[in-house]
Amino acid sequence: MRIATCGGDTKWRGLVVAQLAATWVSHGRRAMIVDATPQQELIEILNVSPSLASRLPRLGEEGFRLKEYVQGGQSGLRASSITECSVANALSRQVGCSPSDPLISYYSGQVSCRIQADANLETKSETQNDLPARFISLGACEVDDITSLSRHHQALSILLNHLADTPTDGVFIHLDAGQLPFIDGVLGRVDLAVVVEEGETSDLPSMLETLRRFRTPAVVLRSESFNPNTPPTERIEMSLRIVSSEGASIATAIRQGITLHDAAPLIINHADTLRRDPSRMDRNNQAMAALTASRATRVGARLLG
């Protein structure tokens, strides 16, 4: 199962990612967390050790290694022609979610997806390591660095295209709130999107339209009383709206006085009811190929005057 979070405050969205992964692992399943945001706040939220954070290779900065790996026996072809907008085939290499996979072993490190009861506590729980997950970072960059943002999310799309995740594998992706031109390809390659909303979120309609275009089911998690310093165990008013792959709201559940810990199992239970549609993934790859070709044509026209 692949779940991506987008929208809302970066810290709140990161806490949602961590809690979803913790809920998934608590059921005896394997989780991989990908931080695809320029701010890289998951390093702090997950309490990633400084030594691991400093030595962990950045997927977005070393995408050439990923391309060479998944290219496999197709060395005669341009890597981009077989990786960015296509699914894995008989000649390309697939990537497993297990740390025994050489590529995952290279790019990821083990962290705990258990989050603190209070983010302001200076002392850390000694039971943190009982909810292990693999952690991959795309690397930090400036929000207005268009080249880096494009390169980072292109690498993530390639990984998702060749990721052989099983039903017991959970892939949790932390996406930036307002970078829709770059994350749309990622949203087309996940099974569920969790759109985090506090108060008035101006980019919510655009996100829901993008998800509808790629037929990606969504859950809108809304809280008007949340602020970035709210601990995840604090009880706040929260609503969950389930959106179908066609973009229609199919259920709205108002949960008053619940915590993020209470909301995460509801989202995971909904994700468990979904069944991946291979044909949808193929259609999305075709849509992304057309979109990429269109962008390349426009760029070429500008360069040629």
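The shown structure was predicted, so the numbers you read here are calculated from the model rather than taken from an experiment.
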Ion pair present between D272 and R29, side-chain N to carboxylate O less than 4.0 angstrom? yes
Salt-bridge contact R212-E209 (side-chain N to carboxylate O under 4.0 Å): yes
To the nearest 0.5 Å, how far apart are [atom1] in [X] and [atom2] in [Y]?
X	Y	atom1	atom2	value
R114	N47	CZ	CG	13.0 Å
F64	R151	CZ	CZ	11.0 Å
Q71	L66	CD	CG	11.0 Å
D262	I267	CG	CD1	11.5 Å
F172	L20	CZ	CG	6.0 Å
M1	T166	CE	OG1	11.0 Å

Any side-chain heavy atom of [X] within less than 4.5 Å of one from [Y]?
X	Y	answer
I173	V190	yes
S157	R189	yes
L46	F135	yes
H152	E61	yes
I33	C113	yes
C6	V196	no
P99	S105	no
L192	V219	yes

Just checking, is any N or O donor in the side chain of H174 or R13 under 3.5 Å from an acceptor N or O on the other one? yes
Quiz question: by atom type and distance under 3.5 Å, do the side chains of R65 and Y107 form a donor-acceptor pair? no
Give the C-alpha distance, both sets of side-chain angles, the deciding distance and a yes or no for side-chain contact (heavy atoms from CB on, under 4.5 Å) between S137 and Q40. CA-CA 8 Å; S137 167; Q40 296 289 282; 2.3 Å; yes
Minimal non-hydrogen separation, [X] against [Y], with atom names:
X	Y	answer
A22	L131	CB-CD1, 3.9 Å
C97	R134	O-CG, 4.5 Å
I104	G96	CG1-O, 2.8 Å
V95	L103	CG1-CD2, 4.0 Å
P102	Y69	CG-OH, 3.3 Å
A155	G60	CB-CA, 4.2 Å

Pairs involving residues 32-41, ordered by first then second residue, that meet salt bridge (Lys or Arg N to Asp or Glu O under 4.0 Å) (sequence neighbours left out): none
Starting from the C-alpha separation in whole Å, work towards a yes-or-no answer on side-chain contact (heavy atoms from CB on, under 4.5 Å) for R30 and W24. CA-CA 7 Å; R30 187 167 54 193; W24 185 271; 5.6 Å; no
For [Y], is there any backbone N or O sitting under 3.5 Å from a side-chain donor or acceptor partner on [X]?
X	Y	result
H162	I158	yes
D101	S98	no
T216	L187	yes
R2	D191	no
R58	L56	yes

Take V16 and L221, measure what side-chain contact (heavy atoms from CB on, under 4.5 Å) needs, and give me the verdict at the end. CA-CA 9 Å; V16 172; L221 180 62; 3.9 Å; yes
Please say which of N161, I136, V186 ends up in a side-chain contact (heavy atoms from CB on, under 4.5 Å) with L156. V186
CA sep, side-chain torsions, deciding dist, call: K67, Q154, side-chain contact (heavy atoms from CB on, under 4.5 Å): CA-CA 11 Å; K67 285 189 177 184; Q154 181 188 76; 3.8 Å; yes
